[in-house]
Q: 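A single structure is presented below for examination.
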There are 2 protein chains.
Amino acid sequence: MATIRDVAKKAGVAISTVSLAMNGTGPVSAETLKRVLEASEAVGYKPNVLAQSLKRGHSKLIGLVLGDIGNPFFSRLLRVVDSILSDTDHMVIVVETASHAERERATLDQLRRHRVGGILMAPMTNDPNFAAFLRKLDMPVVLIDQNVDGANLDFVSSDNALATTMLTEYLIRMGHRRIAFIGGDPRQWTAALRRQGFRDAMAASSLPVEPAMEIVADFSGEKAYDQVVRLLSLPQRPTALVTASNLMALGALQAINDLGFSCPQEISLTGVDDVPWSNVLKPRLTIAAQPVEELARVAANFLIERMTHRGGVSLPPRTHIAIPKLVIGTSCAPPNT
Amino acid sequence: MATIRDVAKKAGVAISTVSLAMNGTGPVSAETLKRVLEASEAVGYKPNVLAQSLKRGHSKLIGLVLGDIGNPFFSRLLRVVDSILSDTDHMVIVVETASHAERERATLDQLRRHRVGGILMAPMTNDPNFAAFLRKLDMPVVLIDQNVDGANLDFVSSDNALATTMLTEYLIRMGHRRIAFIGGDPRQWTAALRRQGFRDAMAASSLPVEPAMEIVADFSGEKAYDQVVRLLSLPQRPTALVTASNLMALGALQAINDLGFSCPQEISLTGVDDVPWSNVLKPRLTIAAQPVEELARVAANFLIERMTHRGGVSLPPRTHIAIPKLVIGTSCAPPNT
DNA sequence: TTGATTGATCGAACCGTTTCGACTACGAAT
DNA sequence: ATTCGTAGTCGAAACGGTTCGATCAATCAA
């Protein structure tokens with residue numbers, strides 16, 4: 001691999017001059033510039049990013065820490081982030097923490113050792129210890145989707161409470177009264193808010209929320225499937241379901257199908273977050289879609305600002321909350337009583 | 001950020017001794033080891049990976065170059081690769097080339113500047129120039145899914161011809177004779193093989209393949225949708241469809257639905273490659289599933305071997321072809337004539 | 001007693017850049 | 001004529017590690 005020394009020797013100038021010439025920093029005569037460029041071309045010089053980064057103090061890599069890459073929400077996020085950051089010559093290191101809390105800290109430590117320029121993270125844990133850990137990290141970090149109380153970092157998300165409120169109100173307007181909610185672990189930021197949004201909507205219409213109708217699963221599909229099977233076997237089963245994620249909605253739909261119920265005739269189903277190719281699903285799900293592109297864009301830009309502005313780490317944290325969009329499908333119908 | 005110097009000073013030993021102690025390379029007395037470890041802990045020392053990599057000549061990062069992160073095939077691949085490589089302390093840089101041929105070269109160049117330890121790639125292009133480019137790269141590279149003729153690199157894929165042959169034979173056994181094939185650009189390795197597998201199966205049963213029944217789209221869903229709409233509007237429309245990818249199958253299904261046909265009663269549908277949550281799709285697709293986990297695992301291990309063995313770059317290239325699995329769904333039925 | 005071996009430690013060179021301060025020439029200002 | 005500013009170039013010092021060879025004391029064989 002040709003180094004800057006080879007170029008310097010070939011061009012008959014000092015190493016520093018090559019650096020000045022190639023980066024356009026510092027004055028270089030047209031003559032030397034030409035010679036350097038030719039020499040560089042001749043020896044096939046490619047700057048060693050490692051050396052550049054070492055000198056600079058940090059690399060032009062950014063870490064993207066996600067819980068579940070299989071979730072289309074996150075893979076779409078990755079795509080947009082990757083595309084935006086490539087414009088500023090950054091590359092993205094992706095790590096899946098598989099919802100393991102301890103892996104999150106280890107991952108962040110590892111990224112720090114790598115001296116990444118910044119971190120984009122959808123945290124899974126939300127406890128004070130982790131918040132302290134994040135604060136001590138002392139590098140540009142932007143949180144997406146899930147916040148960490150007390151971390152005091154940039155945060156980008158959609159209005160999670162509004163999402164379930166929209167769905168619940170939609171079902172109520174349609175005539176449903178026995179509505180069940182299948183949510184995630186309420187210790188998670190978004191899970192708690194989505195449950196709250198459901199409760200608020202029910203309360204606003206003076207509808208009771210029986211404990212049996214408010215179920216804790218996780219954002220994956222499997223657990224939701226089991227819970228919905230249980231739910232639909234109750235003597236007093238709900239007429240409509242609000243699920244807290246896309247994968248849960250799919251799990252619920254499968255449970256409905258497998259038990260021989262029909263959706264939407266017997267059970268109405270709604271969910272948060274888009275499902276790819278939802279249009280080939282039958283029925284098409286009625287969902288509160290998060291504007292993933294917007295979230296990714298804003299988050300990436302927050303991060304870029306923090307990385308480029310000197311002292312950007314200590315800028316006051318900003319928050320961006322996007323508004324979800326109700327997408328009406330064919331998975332809801334008035335209750336048939 | 002504490003450096004090795006800080007540790008050395010705190011422990012009262014030489015820099016080199018700290019290095020020896022921390023890495024377990026070279027003999028260190030129990031006494032010094034203890035002092036170094038304590039000092040390291042006290043100052044909060046985290047080795048600078050950039051410096052280590054610079055010295056070593058390459059980083060412990062590997063590049064994963066994919067055409068389309070949104071495709072579940074690739075996101076599953078990413079997940080497995082990420083998990084396997086993290087065991088050897090590697091991290092993964094993900095780049096989406098969005099099927100842009102020129103972006104592939106640029107991306108590879110960029111990864112080379114970053115001195116990544118190796119590259120895992122699902123190439124989109126397959127031409128002699130690109131093969132030459134890959135050969136000149138002179139670093140550990142493993143190709144997944146799509147091969148590049150003449151590149152002479154490790155290659156991991158499933159038997160693409162067998163996949164469509166299985167599907168076509170299945171349809172033929174069911175009684176279908178007018179079977180259409182919707183494939184990708186045959187300049188792509190897998191697309192060509194999948195078409196070949198279809199042709200072979202048809203020929204083996206002495207069934208004719210009319211040009212109108214063999215359609216070129218791309219692996220995305222949109223184009224397949226358009227083409228299927230056209231196909232089903234023909235006076236002599238096919239009774240069964242073999243699509244060459246998961247996204248295409250979904251696009252085809254949507255087209256069938258939108259035109260008011262019923263699947264499988266009027267049109268049978270099959271596809272290559274799994275669709276996540278295919279079990280909630282109605283009908284459930286009959287597909288030839290690629291063993292993604294196996295592909296990812298083998299590819300990652302090929303790469304690890306090449307990276308760890310010294311001179312691994314010049315090892316003779318290996319090939320691993322996995323066998324796809326026919327997964328029967330409810331999207332096929334005998335033709336109703 | 002001497003020479004060889006070994007364990008523990010150290011200093012210095014090196015990886016490939018960037019960048020700071022110094023130096024030279026040369027035209028402009030005084 | 002002398003000073004000043006500046007364009008152009010250079011050498012050397014970083015950045016933060018690893019590693020090679022040297023040093024030195026202690027152990028051991030002859």
Side-chain angles (χ1 to χ4, degrees), chain A residues 1-37 39-40 43-61 89 109-117 139 310, chain B residues 1-37 39-40 43-61 89 109-117 139 310:
Chain A
M1 279 258 107
T3 77
I4 199 172
R5 262 163 258 274
D6 302 325
V7 180
K9 195 187 294 178
K10 184 100 181 177
V13 296
I15 294 176
S16 45
T17 305
V18 177
S19 178
L20 283 290
M22 303 274 313
N23 301 318
T25 157
V28 176
S29 74
E31 159 67 11
T32 355
L33 178 59
K34 181 159 157 286
R35 281 231 307 288
V36 168
L37 257 28
S40 158
V43 301
Y45 171 61
K46 313 262 163 171
N48 186 328
V49 177
L50 290 173
Q52 296 180 314
S53 300
L54 174 60
K55 191 82 222 311
R56 195 185 319 121
H58 59 259
S59 77
K60 289 207 144 197
L61 296 167
D89 197 31
D109 255 336
Q110 203 181 355
L111 288 170
R112 214 154 92 102
R113 269 194 281 277
H114 274 274
R115 300 298 192 271
V116 296
M139 47 191 302
R310 55 199 175 27
Chain B
M1 278 257 109
T3 77
I4 198 172
R5 265 159 254 274
D6 302 324
V7 180
K9 195 186 296 178
K10 185 101 182 176
V13 296
I15 293 175
S16 45
T17 305
V18 177
S19 178
L20 285 276
M22 304 275 313
N23 300 318
T25 155
V28 176
S29 74
E31 159 67 13
T32 351
L33 179 60
K34 181 159 157 288
R35 281 231 308 287
V36 168
L37 256 29
S40 159
V43 301
Y45 171 59
K46 313 263 164 173
N48 185 329
V49 177
L50 290 172
Q52 297 178 312
S53 301
L54 174 60
K55 190 81 222 305
R56 193 186 318 120
H58 60 260
S59 77
K60 289 207 143 199
L61 296 167
D89 198 32
D109 255 336
Q110 203 180 356
L111 288 170
R112 213 155 93 102
R113 268 195 280 276
H114 274 274
R115 300 297 192 271
V116 296
M139 47 192 302
R310 54 197 177 27

Q: Do S29(A) and T32(A) pair up side chain to side chain, a donor and an acceptor below 3.5 Å, judged on atom types alone?
A: yes
Q: Between dT18(C) and K55(A), counting only base atoms on the nucleotide and side-chain atoms on the residue, is there a donor-acceptor pair under 3.5 Å?
A: yes
Q: Between T32(B) and dT9(C), does any side-chain N or O lie under 4.0 Å from OP1 or OP2?
A: yes
Q: For DNA chain D, whose closest nucleotide is more 5', that of K46(B) or that of A30(A)?
A: A30(A)
Q: Tell me whether the side-chain N or O atoms of S16(A) pair up with the base of dG11(D) as donor and acceptor below 3.5 Å, since no angle test is needed here.
A: yes
Q: Which heavy atom of G44(B) sits nearest to which heavy atom of A2(B), and what is that distance?
A: O-CB, 4.0 Å
Q: Please tell me which of the listed nucleotides, dG8(D), dG17(D), dT9(C), lies nearest to the side chain of P27(B)?
A: dT9(C)
Q: Quick one: which of R56(B), R115(B), R113(B), H58(B) gives a side-chain contact (heavy atoms from CB on, under 4.5 Å) with L50(A)?
A: R115(B)
Q: Check whether any side-chain nitrogen or oxygen of Y45(B) sits under 4.0 Å from OP1 or OP2 of dG17(D), and answer yes or no.
A: yes
Q: Go nucleotide by nucleotide along DNA chain C from the 5' end; which of E31(B) and A51(B) gets its closest nucleotide reached first?
A: E31(B)
Q: Among the nucleotides dT9(D), dC10(C), dT17(C), which one has an atom lying closest to any side-chain atom of V28(A)?
A: dT9(D)
Q: Over how many whole Å does the gap from I15(B) atom CD1 to dG21(D) atom P extend?
A: 20 Å
Q: Applying a 4.0 Å non-hydrogen cut-off, can you work out what L50(B) is touching in the nucleic acid: base, sugar-phosphate, or nothing?
A: nothing
Q: Looking at dG17(D), does its base get a donor-acceptor pair with the side chain of R56(B) below 3.5 Å?
A: no
Q: Side chain of L54(B): nearest nucleotide among dG8(D), dC15(C), dG17(D)?
A: dC15(C)
Q: Using a 4.0 Å heavy-atom cut-off across all strands, classify S19(A) as base, sugar-phosphate, or nothing.
A: base
Q: Measuring from the side chain of L20(B) (C-beta onward, heavy atoms only), which nucleotide among dA8(C), dT17(C), dT19(D) has the closest atom?
A: dT19(D)
Q: According to a strict under-4.0 Å criterion, is S29(A) in side-chain N/O contact with OP1 or OP2 of dT9(D)?
A: yes
Q: Classify the nucleic acid contact of V13(A) as base, sugar-phosphate or nothing, counting any heavy atom under 4.0 Å across all strands shown.
A: sugar-phosphate
Q: Under 4.0 Å from OP1 or OP2 of dT18(D): is there any side-chain N or O of N23(B) that close?
A: yes
Q: Looking at every non-hydrogen atom in both residues, tell me the closest pair between Y45(B) and I4(B) and how far apart they are.
A: CE1-N, 3.4 Å
Q: Using a cut-off of 4.0 Å on non-hydrogen atoms, how would the nucleic acid contact of S53(A) be classed: base, sugar-phosphate, or nothing?
A: nothing
Q: Under 6.0 Å from the NZ atom of K60(A), do we count more than 12 heavy atoms belonging to anything else shown?
A: yes
